[in-house]
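Here is the structure we will look at, set down as structure tokens.
The model shown is predicted, which means the values in this text are computed figures rather than measured ones.
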Amino acid sequence: QKRKRITETVKFSCSISLCIMLFFFFYFLSASGAKKSVRPIISSALLLTAGILCYITNKTFFLKMYSVTVSVFCLFFFGITLIKGPNMCFRFALLLDKTLAGSKREKSAESYCRKVTILWCIFFVINGIIALYTVISCNDKIWALYNGGISYGIMGLIFFIEYIVRKRVEKKNEQNL
């Protein structure tokens, strides 16, 4: 009984955290380029409702699909910015470096950020496929190992390598200016 209550609490927490994360993601998108609207709030309310329904059905399948859903949503939001710019990584760059917009570095930074956004999209596709495979074909331990550890390790590695590459590209671009 106690174990069941813990499982339900974890499932509910994961569903709610997904909804909260997506709310802030929608908000970020609207705050960093798109005109202000109530769409992020409406979308978040719908996602919150979906999370509560997940909790009510009491299915661990929905809990396990959390990581697949995150990869799909991230792929969608990063990918859509490749079609309708500015791309996601450039939006982050603009938020971090207020002097970038309108500077001589803007075009090269946007081009570089586009490549990084494509890299993240590739990661989200591969991660989503592996996560789905662990949901469908693996036991709970393997699912938890990949989705709760290995995938985050890979993300950290991508961040680390991209940081090193970015510093080299910035140094090269400074020499060319």
Same cluster or not: are [X] and [Y] linked, directly or through other Ile, Leu, Val, Met, Phe, Trp or Tyr residues, by side-chain heavy atoms under 4.5 angstrom apart?
{"X": "Val70", "Y": "Tyr133", "value": "no"}
{"X": "Leu157", "Y": "Val165", "value": "yes"}
{"X": "Val68", "Y": "Ile142", "value": "no"}

About how many Å separate [atom2] of [Y] and [atom1] of [X], when rounded to the nearest 0.5 Å?
{"X": "Ile83", "Y": "Ile80", "atom1": "CD1", "atom2": "CD1", "answer": "4.5 Å"}
{"X": "Leu145", "Y": "Asp140", "atom1": "CG", "atom2": "CG", "answer": "12.5 Å"}
{"X": "Phe159", "Y": "Ile154", "atom1": "CZ", "atom2": "CD1", "answer": "13.0 Å"}
{"X": "Ile150", "Y": "Asn127", "atom1": "CD1", "atom2": "CG", "answer": "10.5 Å"}
{"X": "Thr69", "Y": "Leu132", "atom1": "OG1", "atom2": "CG", "answer": "9.5 Å"}

Check [X] against [Y] and note the closest heavy-atom contact, atom names and distance.
{"X": "Cys121", "Y": "Leu82", "result": "SG-CD1, 4.0 Å"}
{"X": "Gly85", "Y": "Arg91", "result": "O-NH2, 4.0 Å"}
{"X": "Cys89", "Y": "Phe78", "result": "SG-CE2, 4.3 Å"}
{"X": "Leu100", "Y": "Ala93", "result": "CD2-CB, 3.9 Å"}

Side-chain contact, heavy-atom cut-off 4.5 Å: [X] with [Y]?
{"X": "Phe90", "Y": "Leu94", "answer": "yes"}
{"X": "Val135", "Y": "Tyr146", "answer": "no"}
{"X": "Ile130", "Y": "Ser151", "answer": "no"}
{"X": "Asn147", "Y": "Thr134", "answer": "yes"}
{"X": "Arg166", "Y": "Val116", "answer": "no"}
{"X": "Trp143", "Y": "Ser67", "answer": "yes"}

Evaluate the criterion side-chain contact (heavy atoms from CB on, under 4.5 Å) for residue pair Phe123 and Cys74; output intermediate values, then yes/no.
-> CA-CA 10 Å; Phe123 167 76; Cys74 288; over 6 Å; no
Donor-acceptor contact present, side-chain Glu106 to main-chain Gly102, <3.5 Å = yes
Whether Ser111 side chain and Ser108 backbone form a donor-acceptor pair below 3.5 Å | no
Who pairs with Tyr112 by ring pair (Phe, Tyr, Trp, His ring centres under 6.0 Å), at least two apart in sequence or on another chain?
-> none
Set of side chain to side chain donor-acceptor pair (under 3.5 Å) partners for Glu170, sequence neighbours left out = Lys167
Could you check whether the rings of Phe73 and Phe77 sit parallel, tilted or perpendicular, using 30° and 60° as the cut-offs?
-> parallel
